[in-house]
Amino acid sequence: MTVIGIGLIRMRNLFAVVMLSGIYSLLAAFLYVIMDAVDVAFTEAAVGAGIATVLMLATLALTGTQEKPSRHTNLLSIAIVTVTGAALVYGTLDMPEYGDPDAPIHHHVVPRYMNDSAHEVGPPNVVTSVLASYRGFDTLGEVTVIFTAAVGVIALIGRIRRRRSLNHDARLNERWADTMSSKPVLRVLTKLIIPLIMLFALYVQFHGDYGPGGGFQAGVIFASALILYGLIFGIDTARRAVPEWMTRLGLALGVLMYAGTGVAGLVMGGNFLNYSVLAHDHLHGQHWGIFTIELGVGITVAAAMVTIFFTFARLLPVDPNDEKRS
Amino acid sequence: MSPETAMLLAMALPLVGAAGIQLAGPWPNLREAVTLLTATATFLLVVQVLPSVAAGARPEATLFQMLPGLSIAFRVEPLGMIFALIASFLWIVTSVYSIGYMRGHHEENQTRFYTFFAVAIASALGIAFAGNMLTLFLFYEVLTVSTFPLVTHHGTEEARRSGRTYLGILLGTSICFQLFAIIWTWTLTGTLDFTDGGILEGRASALVIGVLFALYVYGIGKAALMPFHRWLPAAMVAPTPVSALLHAVAVVKAGVFTVLKVTVYVFGIDLLRTVGGSEWLQYMAAATIVIASLVAMGKDNLKARLAYSTISQLSYIVLGATLVTSWSVVGAGMHIAMHAFGKITLFFCAGAILVASHKTEISDMRGLGRAMPFTMAAFLIGSLSLIGLPPMGGLWSKWYLALGALEADKMFFVGVLMLSSLLNVAYLLPIPLRGFFAAPPEPEPAADGQDEGDHGHAPAPADGIREAPLACLIAIAITVTGSVVLFFYPDPLFDLMRQVVSPH
Amino acid sequence: MTSPHLPVLMVVLPLMSAPFCAVMRRGLPAWSLALVVTWTSFALALAVLTQVLDHGTIIYSIGDWAAPWGIEYRIDRIGAFMAVIVSGIGALSLAYSRRSIAHEIGVRRRPLFYTMFLLSLAGLLGISVTGDAFNLFVFLEISSLSSYVLISLASDRRALTAAYRYLIMGTIGATFYIIGVGLMYMMTGTLNLADLAARVPEVAGTRTILVALGFLTVGISLKLALFPLHTWLPNAYAFAPSVVTVFLASTATKVAIYVLLRILFTVFGKADVIHAQEIGDVLMVLALLAMFVASLVAIFQDNVKRLLAFSSLAQVGYMILGVSMATATGISAGIIHLFNHAIMKGALFMAVGCVFMRTGSVRVEAFAGLGRAMPVTMAAFVVGGLSLIGVPATVGFISKWTLIQAALETGAWPLAVLILLSSLLAIVYVWKVVEVAYFQPLPSYRGDVREAPLSMVLPMWFLAGCSIYFGIDAATTLGIARDAAAALLGNGP
Amino acid sequence: MSVDWGLFNYWIVVILMMAGFYVVIAQGNLVKKIVGLNIFQVSVFVFYISMGKVEGGSAPILSDAVTLYSNPLPHVLILTAIVVGVATTALGLALVVRIRDAYGSVEEDEIDRYEQEQED
């Protein structure tokens, strides 16, 4: 990983930089698995290595792949980075050692999650319990953040170059059609794979209680199915299958489902986001609550990823000449 | 009406008037009627307060709590009473004069002029009635800001530059020194109320008191103590009624009034005298008196000369305050009134001359007395009052100031006062005298046109000059009478000032 | 209104209405919804403030999970006060926004604008009331991301680079914050602010905690634009849509300062870091630099929005200066200036927005003749300007008074002198604009400039009126600020 | 001198963080800055996850066969943080696209130059 980090600084070919950053994310995901953070690894692989890399590539396609050499020296930056790094290393000196089971973080707050979540919340996956219930409000915030980003992307680049877009989209499709007709195997394979991916997404969605997974990962996987569809069959075709209003509605719906569950708890006599009061006994309540909010998360995340990807993809130039003209 | 109500109404009425003036803007006659009516009513309200104050009562009122423990509060004591009477009375006179001047001079934006004038008067009354230093400072700054549009009335490049000087010096000194001193006082004593005998007794070392006093005196830029006097000549670009407002009615008087008030009610004359923190300021004041007089002699522009005369006269009052004896403070207080009537007369005359003859330079005014005898006579009387000759009111204040210097055992300042009177004679009297006795500079229209080239810039030939509009003359007549009356009846003024220095 | 759920509703209401706005196709319904919601939030915030003033700190456990296991809202005086400032400015700028947005943003993007606005509001409110360090980060990001979008919605292309720069700097700030929180968590095992406060003294001497404090401070200083970490701010304010500038200038940096107060005093209060670790001295020097450098730079600006943005940097300096003294009066000076500056800068930026609407420019030259052409707007500008200078009877005076008093109380009279000197600079830059407005004639090609519409003038004058009213009657606001300061120092009610 | 190997893991993370941080502040290419930001954030995530690790523990999914689990709280936090990170990345990239559209460049130096020329 260190090698990649250094390589990133030196490299001027942005395409390679982005690929390296994707690999970096994958490596990080691998590390997470080693360090028992399977949920996180799952997410990092899907998001950091997957979505983020795709987005960066799309951007590169729009902006050019070669970095120009910088003229000014970076002594100041080096100084800042050195000082910051040194401060951090200095700070590590009093830290508990890596993996030390006696570290304070393992003895305050967390024991209750480990010991009581099974009968307080239910799911054996403690990450899910904490994420969805104990710290459910953070997750609501998280969904809001992704909602913000998606709406922000629409607001920013949703409608630029509209004058050219008709012509543009048509040509884009032509090109895809040309490419794809020559690769029938790929097309057939894709058609087979996509339903499988979607099924897997649903599994991850509803299996989050017991194993790694949950709304967020499921949403990303679901979105990647649609993105794949778009890549193989053309953005326009995919857009016809999943029109903009649908994704936009999905974006809103997920957030509302989540917050609505919170309000329901409030109406039923608990505090905001108290699921225990949703059903006759608290375990069922927690179960239903978590189920609904995870579904909300999944919907918003899937819609957001699709929105972001398609919004970027719509801008992709058909051929190099097109790019020069812009 | 209780004196408290009268006091509050007196401050509120000019503001109401300002709104009325703004509304009546499109109809000049109505607008000016509103002005005059408000001014008269305000004066009458202020007079309502007088008897109880003269009898020793101190009407009080508290409005808002501006900061915890610090309210906007009012309390009328004799010094403030004097200032309020002068300001509100002269407002009437100035309004009468303004009507003549502004119309005669075809000024623009007259509505704005009358509106801000009324606001300025309201803040002057606020200063007069302020019950603590915070309230005073509040109205002090409101006065600065509300007079800014008046100073820059013409909106020319020159007016802008002067406005910048005006605002820069007044806001700068008040924020940098005065506010600093006020907050310092507050942290030292925990109060800012004006109290007989001062509030600083036993709260600060001699050094601190000296520094604080200097901060106050220089922080009150409106008192125009050198070197913070530049704003006053700069403000001369304003129309003449504004100059009258600045010099006689509100602004500079607010300055010296504040100096006196701080001396008497924040420090207490006894404390200041024992500590001796004000001694070097006496010399600064004396220097200002002399230097400003000398500068005045060199000015050919009439308004500029009068401006420097004002700077010099203001330092009489600052000197009176810094001498911190009973007599000097009495003299200083009385000089506020005496100088007000004298100087406003002179400015009215200068404005009348400008309206009637379009002359601004003294050297052009030779022989003007023949065309404008009334104006020039009034100018003479005003000058005599400033010089301090009988039968004008100016005599008394100088008299008590000199007494105060003797009481402090400082002959030097008696000398300064004498010297200054001589200088006054030198720079003021030649104007009316030459006006009456010298030959007019322009050749008769019948004469050959040889000199015309020299006077191409003088817009009006001498023979076309008549007296100024009637409204101007009425105003001048009132202030001249005032100067004379104050010679014969200074007692009420004197009694009020006695209450200030010996409250019990 | 005494429902126990007010605190959470205040935040969740704008958050939940944002998705509704997002699916709308037109600006007007979105605006109407947002208007109702922001004003409701404002009312809720006021109710919460009254409740806090009457009954003390409110603790609300979200999901009924007691802290530190769950996330709690812990609202004391300063938090409630912040919520009132944020929601109040939000409500007013939303009322102001309709015409301004109609003028500056294309019809298709308007619902999205209101979506972002509501999210930003929800984020800032969430920060003000939360009692959890990580939840604070999440809401910080909600407000930040939406601010980036809001800024970049402007038509000027420089808004894009400004937003980008803000995004980079803001994310670095947030990441620093998260590193700090991580280190704190590592040493204490908790994320709850109150719990942290209780557990920090045990480990206060360790190098890890020291570094954590450093990272938290630097990260937040980036967000609050403390000199020299301010470089993102001037352009972001200058080129954002008028309403966005009003809202962000009056709330975003203020909330960041609030977070700094929380960290320095609530979390590290018992460890007394501000004295022990010289953080106070460093902050003081930076604050003074900000006051002078930014004011000087402001004088030379030709773009009035940029000018005011630099003035904001200087004003942030005043706030931090008060905080750095770490005395009751000093902190209350910082807090009261948060409120006061929000009011006056809100009024000023609203006035500039009106000018932009009518003249299409915010250059100083564009103000020529507006004293006559737009008298109401310019009068509000003058009131705001006088307040910046600190003329009495305006809120600026109250702030300055308290700050100087704080300086004198600690015996630091040179500091008092510097504060006064720096406010002279404010005279110069404010008057530069005022002079042009009143002394230069309206250019002939702008003959048709009219007064701004009523819907913009009213909120503007509401703020201008507030800056006069609270300048005369500051007992209430200053009282709250003092109690809040006392509470932060651990000896309050 | 004894080198504390128990902290070695953290030191590597610090180096990674700083590499990302350096790319953000020193590089002139707007896309590369975003990549740097990504690296910076991912490194912070690794740091968080590292501190949740318990030697000999396993993933925090309750089961009867396991007694020692790693700390789940950092995992939760980082799940949230990853989302925040990708949201920021998406927005940043969208901005880059718009900047490219408006200026025709994604190099900071060039854009600064254009802006100076524009000073309206």
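With a 4.5 Å cut-off on non-hydrogen atoms, A:Ile308 touches chain D through its side chain but not through its backbone. Interface residue D:Phe47: only side-chain heavy atoms are found under 4.5 Å from chain A. Contacts of D:Ser43 with chain A are made by both backbone and side-chain atoms, with heavy-atom separations under 4.5 Å. For D:Thr89, the part lying near chain A is the side chain, with the backbone staying farther off; criterion is any non-hydrogen pair under 4.5 Å. When heavy atoms are compared at a cutoff of 4.5 Å, D:Val31 approaches chain A solely by way of its side chain, counted from C-beta outward.
Taking both residues in full, the closest heavy atoms of D:Ala94 and A:Ile157 are given as O-CG2, 3.6 Å, listed atom of the first, atom of the second, then distance. Across D:Ala90 and A:Val153, no two heavy atoms sit closer than the pair O-CG2, 4.0 Å.
Counting heavy atoms from C-beta on, the side chains of A:Asp39 and D:Leu79 come closer than 4.5 Å. Side-chain contact between A:Val18 and D:Val35: present, with at least one pair of heavy atoms (C-beta onward) separated by less than 4.5 Å. At least one side-chain heavy atom of D:Leu77 sits less than 4.5 Å from a side-chain heavy atom of A:Arg135. Side-chain contact check for A:Ile80 versus D:Phe21: some heavy-atom pair is nearer than 4.5 Å. Proximity of A:Ile146 to D:Val86: side-chain heavy atoms (C-beta onward) are separated by under 4.5 Å at one or more points.
In this structure, OG on A:Ser21 lies 11.5 Å from NZ on D:Lys32, to the nearest 0.5 angstrom. Atom CG of D:Asn38 is separated from atom OG1 of A:Thr53 by 8.0 Å, given to the nearest 0.5 angstrom. Of the inter-residue distances, the one linking D:Ile34 atom CD1 with A:Met56 atom CE reads 7.0 Å to the nearest 0.5 angstrom. The distance from atom CG of A:Leu156 to atom CG of D:Leu93, rounded to the nearest 0.5 Å, is 11.0 Å. To the nearest 0.5 Å, the span separating NE2 on D:His75 from CG on A:Leu131 amounts to 12.5 Å.
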Check the pair D:Phe45, A:Val40 against side chain to side chain contact (heavy atoms under 4.5 Å, CB included), reporting the backbone distance first and the verdict last. CA-CA 9 Å; D:Phe45 304 159; A:Val40 184; 5.9 Å; no

Derivation of the side chain to side chain contact (heavy atoms under 4.5 Å, CB included) call for A:Val47 and D:Val83: CA-CA 8 Å; A:Val47 173; D:Val83 178; over 6 Å; no

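Here D:Asn71 is the residue among D:Ile78, D:Asn71, D:Leu73 with the most heavy-atom pairs under 4.5 Å with chain A. Counting heavy-atom pairs closer than 4.5 Å to chain D, the top residue among A:Val220, A:Ile51, A:Val143, A:Val145 is A:Val145.
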